[in-house]
Amino acid sequence: MIPNAYRSLHCNAIRAEHIGQNVTLAGWVNSARDHGGVIFVDLRDREGLTQVVFRPEENADVAAKSHDLREEDVIQVTGRVEQRLTGTENTKLDTGAVEVVVTTFSILNKADVLPFQLDRELSNEDMRMKYRYLDLRRERMNKNIRQRHKITNAARNYLDAEGFIEVETPILSNPTPEGARDFLVPARLSPSKFFALPQAPQQYKQLLMVAGLERYFQIARCFRDEDLRADRQPEFTQIDIEASFIQQNDIISLVEGLLASMFKAGQGIDIPLPFPRMTYQEAMDRFGSDKPDTRFGNEIVDMADVFAKSEFKIFRTTLENGGVVRAINAKGFAGITTGQMIRLNEIAIQAGMKVKQLAFIKVERNEAGVLEYKSPLWKFFGEEEKAALIAKLGVEENDIVFFYAGTWDEACNILGRVRLEIAEMQETTKGSTALNFLWVVDFPLLAYSPEDQSWVAVHHPFTRPKAEDVPLLDAGEYGKVRAEAYDVVLNGYELGGGSIRIHESDLQSKMFSVLGVTPEEQQIKFRHILEAFKFGAPPHGGLALGLDRIAMLVAGEESIREVIAFPKNNKACDLMTDSPTTVDFKQLRELYVQSTWKEKKKEEVTASGTQA
RNA sequence: GGAGCGGUAGUUCAGUCGGUUAGAACGCCAGCCUGUCACGUUGGAGGUCGCGGGUUCGAGCCCCGUCCGCUCCGCCA
């Protein structure tokens with residue numbers, strides 16, 4: 001760091017070679033150890049700690065004044081670097097061989113007692129959020145924020161080196177008909193009209209391809225007005241990428257290199273490339289999820305061949321009616337508690353299980369030393385079935401097998417969820433440093449939404465159908481059409497996703513029609529895209545990475561709030577600034593906006609019965 | 001919209017079966033202490049047990065309601 005008016009060195013810079021020199025440091029009092037005579041202060045700045053010593057024999061006035069120092073006071077000290085007395089070196093500090101004997105110092109700003117101690121973890125999240133600036137002063141948070149900068153910087157450098165150009169796209173843009181709920185902004189100069197904050201720069205980046213930019217990226221803030229989670233905030237950051245004259249493999253290689261550069265910058269590790277790839281179908285079949293956590297096994301196994309001719313009627317008829325019978329062997333989990341079993345069944349029901357309990361087989365050795373298969377259904381199986389089942393699932397002592405019979409969708413959902421919960425219960429990934437990257441490819445283009453009674457885009461409406469599946473699209477077999485879409489997954493988290501896009505106006509228009517957007521609506525909402533594609537749009541595609549999630553995983557954190565300087569809480573509020581807030585009537589009047597919200601009054605609720 | 005967990009000193013937590021004056025650690029304040037580094041040591045202050053109601057002779061503990069925080073489901077193209 002360049003010396004400046006307040007300091008000649010930072011607090012992690014002084015070494016043995018500085019002994020004898022005069023230095024000036026500035027920072028916070030990390031701790032003050034007052035021995036009545038001599039006083040030690042660990043002076044902290046963002047780079048580290050230096051021990052400074054106040055000695056009465058050096059300067060009695062200065063030493064006397066130092067008795068008043070309290071933690072987190074901001075001070076500036078000038079003194080002489082000395083070697084520490086033999087035996088008092090501190091090997092825990094980079095600067096632990098030396099100390100600064102203070103000749104003069106000044107208190108730049110006295111600190112009140114903090115609402116919490118910075119050297120201890122605190123669990124009270126509202127307190128952390130209310131005093132976020134203090135929370136961020138703690139070493140762990142400080143490290144997270146700086147690490148995030150490093151990986152963002154690495155991403156910029158990598159993309160720049162690959163010829164990508166960073167372009168800012170509008171924050172004030174149009175509402176999107178599909179997808180998440182929009183944040184709306186009233187447009188004062190166009191009364192009764194609204195902007196929306198972008199959920200993603202999707203259309204703009206495609207139009208930049210039509211503009212001939214060829215390679216675009218943006219560290220883009222995106223906004224979605226949906227409920228929050230540990231890995232979801234209403235505003236979040238994407239590394240948004242789009243390129244022309246590229247195909248899926250090009251994007252995949254590019255993004256693998258990009259992620260490698262980010263993990264190198266953040267963790268100093270080299271992640272092995274290329275990442276494994278898996279089709280959507282395989283991911284669902286084996287893991288019941290389109291973002292499988294492959295750090296552990298317990299995969300879903302199809303049991304159709306074992307039970308096709310089973311005496312056990314439920315399994316056989318399910319198969320005969322086109323359903324599936326699938327199982328998970330939870331290795332070593334026969335010791336499952338009653339409470340855990342109840343919990344698993346609750347999760348299965350929540351995931352759509354039609355029956356009350358998952359069928360299971362628990363394998364334990366009894367007192368006589370004989371293996372016992374404890375199960376409500378074991379007695380229904382024939383000897384051949386039992387042998388085939390044991391062989392196929394690799395069943396051993398202390399395993400417990402869970403079955404589900406029903407539709408393919410149900411089996412994926414239920415067993416996928418159960419698989420994750422079992423891993424949670426067994427603490428399978430606790431303390432793991434594994435980084436299991438993979439690509440999930442060949443996503444379906446469309447999915448039927450029973451709620452809307454229409455087909456919806458699985459990725460988004462600009463996604464290109466696979467060329468060989470276009471006949472299926474023409475034939476109206478929408479559920480069978482695969483997309484040129486891909487997701488990159490790490491340890492069960494979706495890091496990002498993208499697709500090759502439609503670049504032909506007529507195909508795009510057809511896609512909108514399939515999604516139930518009438519030609520009139522297409523002209524109103526998407527005229528700019530449909531027109532642009534007529535004026536020489538190059539083939540193009542791209543991807544967006546969730547920067548917050550990547551930063552979270554690099555930092556080993558379990559919530560993206562730990563890598564966002566000023567995040568929102570569960571209810572999308574900022575407890576520090578108390579945002580969002582009410583606004584003046586005058587401000588609303590300028591915008592021609594009036595709230596229809598009314599506070600629910602207790603009297604109305606309770607009195608409604610008696611008044612009637 | 002739904003489910004679960006939590007809310008006790010400034011902070012992190014304990015609080016047994018409902019029973020005396022609600023405890024500990026750290027922090028804070030004051031004194032002592034010239035080589036500590038989680039300094040030590042002596043003493044002290046600090047509580048609307050989230051809030052409201054109920055049961056009870058008696059509630060931090062049981063019941064009902066409510067608020068706040070977190071996690072998950074729904075939702076998130």
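In what follows, chains carry the letters A, B, and so on, assigned in the order in which the sequence lines appear, proteins first and then strands, with residues in each chain numbered from 1.
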Checklist outcome for this item: Against the side chain of A/Asn569, the closest entry in B/C70, B/U11, B/G35 is B/C70
Checklist entry - Can you tell me how far C1' in B/A45 sits from the matching atom in B/G27, rounded to whole Å? => result 13 Å
Item to check | Closest to side chain of A/Arg84, choosing from B/U71, B/C75, B/U36 | outcome: B/U36
Checklist outcome for this item: Quick note, A/Asn124 side chain, CB onward, closest among B/C26, B/U12, B/U71 is B/U12
Checklist entry - Looking only at N and O atoms, is any donor in the side chain of A/Glu121 or the base of B/U12 less than 3.5 Å from an acceptor on the other one? => result no
Item to check | Spacing between A/Ile349 atom CD1 and B/C73 atom P, to the nearest angstrom | outcome: 17 Å
Next on the checklist: In this structure, how many angstroms lie between the P atom of B/A25 and the CZ atom of A/Arg120, rounded?
Outcome noted: 12 Å
Checklist entry - When the aromatic ring centroids of A/Phe105 and A/Phe54 are compared, is their separation below 6.0 Å? => result yes
Item to check | Nearest-nucleotide comparison on RNA chain B, the residue closer to the 5′ end among A/Pro56 and A/Ala230 | outcome: A/Pro56
Checklist entry - When the C1' atoms of B/U55 and B/U11 are considered, how many whole Å apart are they? => result 35 Å
Checklist entry - What orientation do A/Phe512 and A/Phe526 show, parallel under 30°, tilted 30 to 60°, or perpendicular over 60°? => result parallel
Checklist entry - Could one point to a donor on the side chain of A/Arg70 or the base of B/C28 with an acceptor on the other under 3.5 Å away? => result no
